Amino acid sequence: MQLYQISDLLLDIAFFLYVLSSVVFIVAMTGKNWAGRDPKQHEMRFGRIAYWMAVVGFVAQTGYVITRWVAGGHSPTSNMFEFMAFFDYCIILAYLIIYRIYKMTVIGAFVLPLGVIMLAYSYVFPKEITPLIPSLQSYWLHIHVTTAALGEGILAVGFAAGLMYLILTIPQKVATKSTRWLEVVLAVVLMLVGFILMESTFARMDQRTVFELTEQVTTPTGQVAPAKVEYTMPAIVAPANAKLIQEGPMSPWFTAPEWMEGKDAARKLNTMIWSVLSGLVLYGVLRLIFRKRLAAAIQPSLEGIDPELVDEISYRAISIGYPVFTLGALIFAMIWAHEAWGRFWGWDPKEVWALIVWLFYSAYLHLRLSRGWIGAKSAWMSVIGFVIILITLVVVNLVIAGLHSYAGV
Amino acid sequence: MDQRKCECGHTNPVGTLLCESCGKPLEVDLTDKAAFPDMRYEGMARRSQTYTTTIVDRIWNTFSSVKVAIWIIVVILVASGVGTIFPQQQYIPVPVPTELDVERFYTDTYGVLGTIFYQLGFHNMYSSWWFVLLLVLLGASLIICSLDRVIPLYKALSKPRLNQHKSFLKGQKLYAEAKQPEDRSAEEILAQSAEALKKKGYYLFQTDRALLAEKGRFSRWGPYVNHIGLILFLIGVLMRSLPGFHLDEYVWVREGETVPIPETPYYVKNLSFKVEYYSEDEMVEKLDLKGGAIAKNYQTDAILYLNRNADTPGAKPDLVEVQSGPIIVNHPMKHEDIYLYQSGYQEMKLGALNFTLIDLKNGDKEVGAIKLDLYNPSEEMQVAEGMKVRILDYFPDFAMGKDGKPITQTNLPKNPMFALEIIDERDAINEKLVYLQGSILTQKDNPRYGLKIEMPDLVDISGLNVRTDKALPLIFFGSFVFMVGVSMGFFWQHRRIWVQLQEGNVLIAGHTNKNWFGLRKEVQGMVEQTNLSVTLEDKTKA
Ligand code: HEM
C-alpha cells in the first residue's frame, strides 16, 4: 500500500469517527429526557464518549495530514479538496481547544455535524495529489493557508455556539421574525447536506448529461473543438445555445439566461437548483416528522444549558479566531502576495472577501464591546459571519474566478 | 469649566460618570441596574462628552463615536463586496486597449447590469476618490477616537480605586455579599483572600478594610496599540501614491537582449528563459491530464546592470553589473529596493529571419547567409566580397493601412515584412525584393539574385515585472503592531476583584472586560479557599 493510500484511508476513518461522534453527541443531548435516566449523568456519559470519538477521529485526521504532506511533498492545502479537508481539521481542532477551556461537551453536538458536512463537502472535489504549479511553490503556501484555515475554523466554532445560543433562547411559542430566520439558517444548512448527498449519489450512478456549446476552445492537445459541459446531476437547466449530445436521466426544463457567462455557469446553476430543492425536501420531511419548527424540535434537548455561557463561548471563539484569521488570511497573505506578484494587495476577489470577513468581525467586536451587543444580536452576527466565510471559501472559488481560485469543480 | 459635586464632597469635571474620589455613580438612578455607567474608563470624562458646542467639537465627537466608526467600516465592507460582482478593469480577461472597449466589455459580457457597473465607475472602484475618502475617514476616526479615550483610560488605569462606594460594587455584574464570619477578623479575611488571589497572579492593593486585586491591566492598551498599527498601515497605503514611493513597470526581454527598465537607472539582460514540466515519475498518483502537462518551473536567468551615466542626458549607457542569478516565480531578484518578478513569457517567438542569398544565374550558387534581426535589424549587411544587403523598409507587424500604404500594427514582430536591396558592387547590379509571409516578391521578372528561406531563429521572451514599494516596511510594521495590540487585548484580560468589609458584611465584586467565565472561576476559587459562605450572584439571569 502506498503512502497516499494510507492517507486516504486515515481520512475515511476520521470521517467515520466524526459521524459516529455526531450521532452520540445528539444522543447525549436528546436522550437525557428518556425515561428512567438521570439527565446530568446521561449527558456526561454520552458526551464524554462522543468527545473521545472526536479526539480519536482528530488523531486519525492528523495522520492523514502528515502522511499526505509526506507523500505529496507539500502541505495538503493546494487544491479545493485538500483545503476543505484541512478547514474541517481546523474546526475540530478549534472545538478541542474550546472544550479544554470550557469543558462543555454539548457544543460538540453542533460543531461535529458541521465538521462532517465540511469533510463530506471536500469529498466532492477531485482527490488526487497533484504536484505544485510554480505560483504555489513557496513556503508561504503552507504558512498562509494553514493559518487562515485555522482562523476560519475557530470562527466556525463561534458560529456553532452562536447557532446553539439562538436555538436555545429564541422563544418558540409563537412565530416571529427570529424564528423564521432561524428556520432559514437551518434550511440552508440542510441545502449543503442536500448538495453533498446529491453530488455523491449521482457521481456514483455515472449517468452524465453532456452538452456541446457553440463556443470553441483549445484542448490541451492543441486542437480547436467546441466546448463540452458535463453534468453529473440530472439536467434541470441547460446551457444557453447548446446542443445535447448525451442524454441524461431527464431532459432539461429550461435554458440558462444568456448573460450567465463562462462555460460552466449553467452547470453551477443546475447544481445549485438541485441543492436548494433537496435541502427543501429534507427540511420538509423533518418538519413533517417533528410537526413543529426544527428549532422548536431541537430546543428541549438544550434545556438546562446556561445561555450566557454559550454566548461567552461564541464570543471567546471569535476573539481567538479573529487574530489568527488576521494573521493568516491578511498579513501572511500580503507577505506572500508581495513575494509572488510584487504587490501586497491587488483587490483580487479572494483578497477582497478576506477583507470583508475581517471588517465584518471587526464590526462585531466593536458592537459587542462598545455598544453592548451581546446575546441574540451577537449570535446572529456570528451566524452571518460564518456565511460570509463560506462565501469566501466556496462561492468566490467556484463562481467568481480570480487569481486565487483553485481549479476543480 | 463647569464642575459637579458629589455627596462625598469631591468636585468632578463635567462628563464624569463615577465620582473620582469615592466611586459613587453620579446622575444615575441606582435602582435601575441596567443604567449603571459603562465601566470601561471608570466613568472618567472624555473630551467628546465634555465639549459639544463648536463645530470642531461636533466633528471631533462624530469621529470619536464608535457608532460612526462602525458605519464607516460597514460602508467599506459593502462597497468592497459590490466591487467583486464583476471583475475590476485590471482583471478583464481580454485586451481592452481603449476606454470604449472597456465599456463594451462590461455591456457585452454582463448585459444591463454590466453597463450600470461601468457607468457607476465600479470597474475601478478601489482607486476611486470616494473609496479612498472612506479609508481616509476611517483613519481620521481611528486617530480621533484613540486620542479621545487615551487620557481617560490612562487615568482609570493608573488610579485603581480601592475604596469603592457600595453602590459601585453592587452595580458590578459579579457581586456577592455575606455576613462577616464571627470567628475571623477583617484583617484575616482580607489576608486570606489576598493569599488566594496572589497565587492566581493578581497584583494587590490593600487597606485594613478593603482589597483590590488586579491583573492583566496592560491588556487594556491592546486596542490602542492595534489602532496605532492600523493608522501606520493606512499611512503606508496612502504614501504609496506619493511620487517615488511606488514603481510598477513591465518589461519584455528576449533571450540575449538587454533592455532599460523605465523610470530607473537599471538595465536587465535575459541570458536564457526556460519552462519545465513535471515528468510522470514525479507525480505521486497517476493523473489524467488529457494530454496536457503541469508546469514545474518558469525561470529567467538574468543580469541586472546599473547605468552609471543615467544622470547625464544623452550620454551612452555605461553599464556595471550589480546582480545576477535566476528569477523564478515566488523568488524575485532583489537589489536594494527594486524587485524583479518572473511574471509572463512567450515561448518560441520569431527572433530573426534567416535566408541564403543565391546567385540564380550561376547554377543557384550560394553566395552567403543573411540574418534579419526582427527586433534590432542592422541597416546594411555585408554578405560576401562585394555583396551587400540593405534594408529599405521594415514593418514588424505588417498590415495595409486605410490609405493603401503599409503600416505596422504593433512593435512586435508578429507578421514581419522587409523590403531589401541587394547590391552587387563588382557587377554593379542593384535589385530590390520584398519578404512577406513566407514568400519573396521580386521587383524584376528575371532577377540575378534570389533568397532561399531558412529556418528562422526562435526565441523565448520573458515578461518581467519590476517593482519598488518604499512604503512596504511601514505597512508591514503597522501590521505587526496591529497583531501585537490584538494579542494583548484578546489573549489577556483585565480583571479586578474587590473585597471589602462594610458594616459587618463581606462584599465581593468583580469586573473584567472579557471572559467572565474565567473571572467567575477565580472568584469562586477564592471564596472556596477562604471558606466564606457566599453564593455568587448572576445578575444577567435574573
Ligand atoms: C478597521 C478598523 C478597525 C479595526 C480592525 C479595529 C479593531 C479593534 C479591535 C480588535 C478592538 C478590540 C476589541 C475587543 O477588545 O473586543 C477595538 C476596540 C476599540 N475600537 Fe477599534 N478598530 C477599528 C476602527 C475603529 C475606529 C474607526 C474607532 C473609532 C471610533 C474604533 C474605536 C474603538 C474603541 C473605542 C475600542 C474599545 C477600546 C477599549 O476597550 O478601550 N475602532 N478595535
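Quick note on labels: first sequence line is chain A, next is B, and so on, each numbered from 1. The structure displayed is predicted, hence computed values, not measured ones.
Interface remark: Ser487(B) contributes no atoms to any contact with chain A (heavy atom separation under 4.5 Å). Looking at Asn297(B), the atoms closer than 4.5 Å to chain A (heavy atoms on both sides) all sit in the backbone: N, CA, C or O. The parts of Leu367(A) that come within reach of chain B are both its backbone and its side chain, each placing non-hydrogen atoms under 4.5 angstrom from that chain. With a threshold of 4.5 angstrom between heavy atoms, Tyr278(B) approaches chain A through side-chain atoms but not through N, CA, C or O. Proximity to chain B involves both the backbone and the side chain of Tyr102(A), based on heavy atoms less than 4.5 angstrom apart. Only the side chain of Ile475(B) comes within contact range of chain A, judged by heavy atoms closer than 4.5 Å. With a threshold of 4.5 angstrom between heavy atoms, Glu276(B) does not approach chain A through any atom at all. Proximity to chain A (any heavy atom under 4.5 Å) is restricted, for Leu230(B), to the side chain, taken from C-beta onward. Proximity to chain A involves both the backbone and the side chain of Leu77(B), based on heavy atoms less than 4.5 angstrom apart. Neither the backbone nor the side chain of Trp345(A) has a heavy atom closer than 4.5 Å to any heavy atom of chain B. The contact between Leu309(A) and chain B is made entirely by side chain atoms (from C-beta outward), counting heavy-atom distances below 4.5 Å. In this structure, no portion of Lys334(B) lies under 4.5 Å from any heavy atom of chain A. Residue Leu113(B): no heavy atom, backbone or side chain, is found under 4.5 Å from chain A. Looking at Phe86(B), there are no atoms closer than 4.5 Å to chain A (heavy atoms on both sides), in backbone or side chain. In this structure, the portion of Phe233(B) lying under 4.5 Å from any heavy atom of chain A is its side chain and not its backbone. Contacts of Ser343(B) with chain A are absent, with no heavy-atom separation under 4.5 Å from either backbone or side chain. With a 4.5 Å cut-off on non-hydrogen atoms, Leu355(A) touches chain B through its side chain but not through its backbone.
At distances below 3.5 Å, not a single donor-acceptor pair connects side-chain atoms of Gln90(B) with backbone N or O atoms of Asp348(A).
Taking CE of Met483(B) as the start and CG of Leu330(A) as the end, the distance is 10.0 Å to the nearest 0.5 Å. Residue Phe344(A) holds its CZ atom at 8.5 Å from OG of Ser479(B), rounded to the nearest 0.5 Å. The distance from atom CH2 of Trp353(A) to atom OG1 of Thr84(B), rounded to the nearest 0.5 Å, is 5.5 Å. Atom-to-atom distance recorded for Gln493(B):CD and Arg316(A):CZ is 5.0 Å, nearest 0.5 angstrom. The CD1 atom of Ile331(A) sits 7.0 Å away from atom CZ of Phe482(B), with the distance rounded to the nearest 0.5 Å. A distance of 7.5 Å separates NE2 of His338(A) from CG of Asp469(B), quoted to the nearest 0.5 Å.
Ranked by heavy-atom pairs under 4.5 Å with chain A, the list Gln88(B), Lys514(B), Lys521(B) is led by Lys514(B). Of the listed residues (Leu3(A), Ile101(A), Leu132(A), Ile313(A)), the one with the most heavy-atom contacts under 4.5 Å to chain B is Leu132(A). Listed options Glu312(A), Glu339(A), His366(A) were ranked by heavy-atom pairs under 4.5 angstrom with chain B; first place goes to Glu312(A).
Contact record, Ile70(B) with Ala363(A): CG2-CB, 4.3 Å, taken as the closest heavy-atom pair. The two residues Ala295(B) and Pro134(A) make their nearest non-hydrogen contact at O-CD, 3.3 Å. Taking each heavy atom of Pro323(A) and Phe490(B) in turn, the nearest pair found is CG-CD1, 3.6 Å.
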Could you walk me through whether Ile73(B) and Phe360(A) pass side chain to side chain contact (heavy atoms under 4.5 Å, CB included), step by step? CA-CA 8 Å; Ile73(B) 292 175; Phe360(A) 182 85; over 6 Å; no

Evaluate side chain to side chain contact (heavy atoms under 4.5 Å, CB included) for Met104(A) paired with Phe517(B), printing each intermediate quantity in order. CA-CA 12 Å; Met104(A) 188 182 204; Phe517(B) 177 77; over 6 Å; no

Might you work through the side chain to side chain contact (heavy atoms under 4.5 Å, CB included) test for Ile76(B) and Leu359(A), ending with a clear yes or no? CA-CA 8 Å; Ile76(B) 294 177; Leu359(A) 287 173; 3.8 Å; yes

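For Tyr250(B), the OH atom counts as densely surrounded, since its 6.0 Å shell holds more than 12 non-hydrogen atoms of other residues, nucleotides or ligands. Crowding of Phe477(B) atom CZ: a count of heavy atoms from other residues, nucleotides or ligands under 6.0 Å not exceeding 12.
At a threshold of 4.0 Å, the pair Glu308(A)-Lys173(B) counts as salt-bridged, since one of the basic side-chain nitrogens sits closer than that to a carboxylate oxygen.
With Asn330(B) as the partner, the side chain to side chain donor-acceptor pair (under 3.5 Å) test is satisfied by one option alone out of Tyr139(A), Trp140(A), Trp336(A): Trp336(A).
Contact of the Trp347(A) side chain with the Met125(B) side chain is not registered, since no non-hydrogen atoms from C-beta on lie closer than 4.5 Å.
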